[in-house]
Structures are given as C-alpha cells and as structure tokens.
2 protein chains.
Amino acid sequence: MTVDADTGGESRVRPATPDVPGAQGSAPPPPGTWSAQNSAGYPSPAGLTADVVVLTVRDGAVRVLALTTDDGRVALPGGFVGAGEDPADTAARKLTEKTGLRDLYLEQLGAFAAPGRDPRGWIPTVAHLALVPADTTPGDPAAAWIDARAAHDWAFDHREILAAALERVEGKLWWSNVCVGVLPGDFALADARAVYDAVARTTYDPGTFARDLRATGLIEPTGEERRAGKGRPAALYRFASREPAWGAGRRKRVKA
Amino acid sequence: MTVDADTGGESRVRPATPDVPGAQGSAPPPPGTWSAQNSAGYPSPAGLTADVVVLTVRDGAVRVLALTTDDGRVALPGGFVGAGEDPADTAARKLTEKTGLRDLYLEQLGAFAAPGRDPRGWIPTVAHLALVPADTTPGDPAAAWIDARAAHDWAFDHREILAAALERVEGKLWWSNVCVGVLPGDFALADARAVYDAVARTTYDPGTFARDLRATGLIEPTGEERRAGKGRPAALYRFASREPAWGAGRRKRVKA
DNA sequence: TAAATAGTGTCTATTAGACAATATTAG
DNA sequence: CTAATATTGTCTAATAGACACTATTTA
C-alpha cells in the first residue's frame with residue numbers, strides 16, 4: 001500500500017472556470033477574488049470545497065471523471081461545503097449529481113490548501129476518492145471519462161490531487177477492498193483480475209491471482225455461476241463487505 | 001502498512017478551551033460562536049486550523065505531546081492558519097514553538113471538518129503527524145508528554161485525530177523511514193529496535209530485526225562505533241534520507 | 001575468567017510467481 | 001472432436017520468524 005498522501009509541491013494556480021455551485025447560477029461571482037472575515041475581525045477562508053476523484057476501470061485503463069471548463073481545461077467534480085455540512089457529505093452529494101449513484105466507496109484523500117491554489121481566493125479543498133462501476137455514465141453532459149494516467153491540462157491543483165488518488169488506490173489494492181466500488185455485486189475472478197491488472201499496470205497469472213485474492217479473505221463465493229460465450233462457466237464471488245475494509249495483505253508488486 | 005486514514009465517526013464536540021492564537025491574548029473570543037461571511041454573501045468557515053500530533057518513543061511507549069486546557073482536558077498543539085499560509089507551514093511553526101525543533105518529519109493526516117467539531121464555530125482543521133527525538137523537552141510549560149495509547153479526556157475531536165496518527169505510523173513502520181524523526185542522526189540497531197518495538201507493540205528478535213531493517217535499504221552504516229557500558233560496541237547507522245521515503249517493504253506483523 | 005551486549009548463521013514454514021495440468025463449456 | 005475459458009496443482013526462489021552460535025567489550 002502502499003499509499004499515503006503527503007502533499008508534494010506541484011502545479012499551482014491559474015484563472016479557471018469554477019466547478020462549484022453558484023458559479024453558473026444567478027449571481028455571478030466577483031471577477032477578482034473573494035475574501036472573508038470572521039466575527040472576531042480576522043481574515044478567514046472565503047469558502048471550503050470538497051472535490052472528488054471519481055475513478056473506474058474501463059477497457060483496461062483507469063479512468064477519471066472530468067469536467068471540461070470554459071477555457072478547455074479539465075477539472076475534478078466538486079462543490080462548496082455548506083455551513084453545517086460534513087465535507088464527506090458534500091463529496092457524496094456531488095458524486096450522486098454526476099453519476100446518479102449512491103452509497104459508493106468514498107474515502108478522504110486529504111486537504112489541499114496551498115496558498116493560491118484557487119484563483120478565486122482562499123478556498124481550501126478536502127479531496128476525496130471514489131470508485132464506481134465501469135458502466136457508469138456521467139449524468140452531467142459536461143462530464144466525461146478520461147484516461148487517468150494520460151497527460152491532461154488540469155485546472156487548479158487537480159493534477160496533484162489526481163496523483164494522490166492514483167497512489168492511494170495502487171497502494172491499497174492488495175490490502176483492502178478498495179476495488180469494491182468498481183466491481184458489480186457479483187463478479188467472476190476474471191472480472192476482478194481485469195480491474196487489478198489495470199490498477200497495478202501488470203498482468204497477473206489467472207491461477208495465482210485467484211489463489212491470492214481468495215487468501216485475502218475479502219471475497220466469498222456466491223454459489224452462482226455465470227456462463228458467457230465459449231468456455232467453462234465462472235464461479236461468482238462477492239465482497240464480504242462493501243464498506244471499506246482491510247484484508248490479510250498480499251505482497252504484490254504494483255508496478256511492472 | 002500500511003495505513004491510511006479514512007475518518008470514521010468518533011467522539012465529537014463539547015465546549016473546550018481553544019488551543020489557538022488570540023484565545024489567551026488581548027481580545028477574549030466571543031462566548032458563543034464565531035461566524036464568517038465571504039464577499040459574495042455566502043457563509044464561510046470562521047477559520048482554518050492546523051493541528052499536529054507530535055509523537056515520540058520514550059521508555060518503551062509511544063508518547064504524544066499534549067496541552068492541558070483550563071478545564072482539565074488535553075488537546076493537541078495547533079493554531080490558526082494565516083491568510084496566504086500553507087497549513088503545513090502552520091503546523092511546522094507550531095511544532096517549532098512547542099519543541100524548539102526545525103526540519104522535522106511532518107506529514108499531513110487529513111482534514112477533520114465534521115460539523116460542530118469546534119464549539120467556537122465552523123473551523124475545519126488540517127491534522128498533521130510529526131515524530132521527534134526522544135529527548136525533546138516541551139518548550140511550552142503547559143505541554144507534556146503523555147502515553148499515546150492510554151485513555152485521556154481529549155478536547156475537540158482530538159481523540160479521533162490521534163487514532164488516525166497512530167494507525168498511520170503503525171502502517172508505515174516497515175515500509176518507510178517514518179521513524180527517522182525519533183532516532184538521532186547516528187543510531188545503533190538496538191536503538192532502532194526499541195523504537196520499532198514500541199510502535200509495533202511487539203518484541204522483535206535482534207538478529208532478524210537487523211537483517212530486515214537493513215534489507216529495506218533505508219539505512220546505511222556510518223562506519224562509526226559506539227561503546228556504552230558493558231558489551232560489545234555497536235555499529236552506528238543513519239537513515240539514507242531524512243526526508244519521507246519508502247523502503248523495499250517488510251511483511252511484518254504490527255500487532256502481537 | 002564471567003557477564004553483558006552486539007552481531008551472524010541456520011533451519012523451517014509460508015508465500016509469490018511461473019507455469020503445467022485438468023475441468024467444463026460452446027460449436 | 002477442437003477451441004476457449006476456468007480452475008487446480010506443482011515447483012522454485014524469496015521471505016519471516018525463531019533461535020542457536022559467535023564476537024567483543026567491561027568488570
């Protein structure tokens with residue numbers, strides 16, 4: 001897992017279209033920057049946002065849900081955290097808006113609050129990670145799946161956030177049920193292997209993969225079979241828990 | 001570890017003495033809550049804080065630096081993030097204030113922003129983790145080392161933050177140089193073993209420990225020796241890098 | 001010398017990776 | 001039958017844990 005997000009320095013700001021509520025709404029935001037002050041007279045953040053890195057695996061590649069901004073850049077879905085709202089709820093709300101899905105695998109990546117990260121003002125963000133089924137179609141016409149590992153012109157510090165998300169998923173792959181969000185309720189080992197192959201950027205041996213995934217204790221057989229086309233029918237499995245969970249751990253290489 | 005901090009629900013709020021600048025200063029804070037509004041007219045956070053879980057290992061136990069509040073509870077050191085300041089810098093500043101140390105191992109744990117976590121108002125915090133040498137004496141007379149795994153009456157959501165910190169350290173123990181902050185520049189393998197024993201709550205075999213820690217590639221011999229009292233002199237080692245780094249990985253049990 | 005601490009060597013059970021062999025289906 | 005896919009079994013090298021053994025110091 002090898003995974004944790006210590007924020008390294010990366011690409012910073014430049015003007016961009018906001019991906020937040022109110023921006024496309026009634027009152028247009030001030031052209032320059034927003035500021036805020038608290039009741040004790042000190043400057044305070046002009047807002048708090050929650051961004052979500054929505055990942056899936058399709059056609060053998062990890063894909064991320066991205067919105068295209070007016071100036072042709074790409075941005076992660078996200079929005080302002082309301083007063084009295086938990087950022088995790090904001091993230092879940094945004095996720096439902098963009099995918100129509102609920103109760104997804106969602107975990108926090110961390111805070112991104114470097115000065116100037118948002119050209120509109122002092123607006124820290126709490127970044128989240130979500131994994132959704134491969135057949136999810138974006139509800140928002142401005143949203144599209146793009147290759148998560150290809151180069152893109154990300155707005156804000158979203159390139160940095162995406163990098164943290166990928167590192168997190170790779171690191172947890174064999175230690176947790178992080179892929180529970182991508183796989184359907186019932187899946188064959190071959191389905192799981194395709195997902196793991198894509199995330200780990202390798203090609204696992206089918207036999208060894210089956211043995212090792214079972215050994216994590218994270219999955220259990222449903223007793224059902226699935227026959228798809230030619231060969232022998234595949235036994236179906238499900239994750240023992242769809243909530244985030246840790247497995248027995250496999251010492252696997254993630255990179256080829 | 002292998003570890004990551006997905007924030008689970010835990011203890012929440014209750015009134016407590018603030019651990020932030022200005023609180024003990026000239027203008028006393030309003031008794032109720034603080035609020036804030038941005039220039040677009042929306043409510044915004046009343047502030048952003050950075051808290052630090054400062055850990056060390058002493059007398060075979062993991063200890064955390066805690067401040068005692070007026071009402072007898074304990075709180076993590078922390079303070080308001082200034083406008084234009086990076087929370088990591090705030091954390092480093094607070095760390096220097098409380099310990100007199102600089103350039104320490106410091107990484108972000110994540111954002112804690114549950115509604116009501118701070119009774120003073122909407123104040124999210126960015127929690128950090130730092131590890132410092134065992135002989136560090138708190139510069140602040142109100143600060144003291146307490147057993148990190150014993151029960152304490154923590155203010156705010158600091159119990160939850162501390163739990164995330166401990167989980168992070170345990171998980172990274174054999175995969176990173178996370179302990180670089182606790183050990184001095186030159187150390188014997190027995191020193192390192194005492195630290196690893198305390199964090200992992202186990203007792204490693206000296207021989208196996210030496211073999212496995214060397215195998216991570218994270219440490220290198222200095223060529224020096226140290227003779228302390230009775231036995232054979234110990235060869236000294238140093239971490240190849242004092243910056244956060246990942247090693248080859250050891251498949252170790254962290255719990256006994 | 002004995003006692004104490006540091007470090008090395010060796011044995012075993014487990015595990016990861018490769019790959020051969022077998023099983024079950026469609027056509 | 002053959003082709004295709006699924007699953008099981010086997011072999012090997014690497015690794016974790018236990019522990020015996022050797023090395024070097026002080027008293």
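A, B, ... follow the sequence lines: proteins, then strands. Residue 1 opens every chain. Keep in mind that this is a model prediction, so the values were computed, not measured.
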Nearest-angstrom distance from the residue atom CD1 of B/Ile219 to C1' of C/dG7: 13 Å
Those residues that, when tested against B/Arg232, pass salt bridge (Lys or Arg N to Asp or Glu O under 4.0 Å) (two or more places apart): none
With A/Tyr196 via side chain to side chain donor-acceptor pair (under 3.5 Å) - residues at least two apart: none
Touch class at under 4.0 angstrom, heavy-atom based, for A/Ala190 against every strand present: sugar-phosphate
Touch class at under 4.0 angstrom, heavy-atom based, for A/Arg214 against every strand present: sugar-phosphate
Residues forming a side chain to side chain donor-acceptor pair (under 3.5 Å) with A/Asp205, sequence neighbours excluded: A/Thr208
Distance below 4.0 Å between A/Arg193 side-chain N/O and D/dT7 OP1 or OP2: no
With sequence neighbours excluded, residues passing side chain to side chain contact (heavy atoms under 4.5 Å, CB included) with A/Ser241: A/Glu243
Per B/Asp205 side chain, nearest of listed nucleotides C/dC19, D/dC19, D/dA16: D/dC19
First of A/Pro206 and B/Gly207 reached from the 5' end of DNA chain C, by closest nucleotide: B/Gly207
Rounded distance in Å - CH2 (A/Trp175) to C1' (C/dA16): 12 Å
Side chain to side chain contact (heavy atoms under 4.5 Å, CB included) partners of A/Ala234, counting only residues at least two apart: A/Ala188
Main-chain N/O of B/Arg117 paired with B/Asp157 side-chain donor or acceptor, under 3.5 Å: no
Protein-nucleic acid N or O pairs under 3.5 Å, nucleotides 24-27 of chain D:
| residue | atom | partner | partner atom | Å |
| --- | --- | --- | --- | --- |
| D/dT24 | O2 | B/Arg232 | N | 3.3 |
| D/dT25 | O2 | B/Lys230 | O | 3.0 |
| D/dT26 | O4' | B/Lys230 | O | 3.0 |

Between the protein and nucleotides 10-12 of chain C, are there any N/O to N/O pairs under 3.5 Å, and if so, what are the atom names and distances?
none

For atom CG of B/Leu213 and atom P of C/dT8, their distance in whole Å: 13 Å
Set of residues satisfying ring-ring contact (aromatic ring centres under 6.0 Å, His included) with respect to B/Tyr105, sequence neighbours excluded: none
Heavy-atom check, side chain of B/Leu166 versus side chain of B/Leu55, under 4.5 Å: yes
Pairs meeting criterion ring pair (Phe, Tyr, Trp, His ring centres under 6.0 Å) with involvement of residues 213-245 of chain A, two or more places apart: A/Phe187-A/Phe239
Whole-Å distance separating the CG atom of B/Asp212 from the C1' atom of C/dT8: 14 Å
Sugar-phosphate only, base, or nothing, as touched by B/Ala210 at under 4.0 Å among non-hydrogen atoms: nothing
No-H, no-angle donor-acceptor pair, B/Thr208 side chain to D/dA16 base, under 3.5 Å: no
Sugar-phosphate only, base, or nothing, as touched by A/Ala235 at under 4.0 Å among non-hydrogen atoms: sugar-phosphate
B/Leu189 CG to C/dT8 C1', straight-line distance once rounded to whole Å: 13 Å
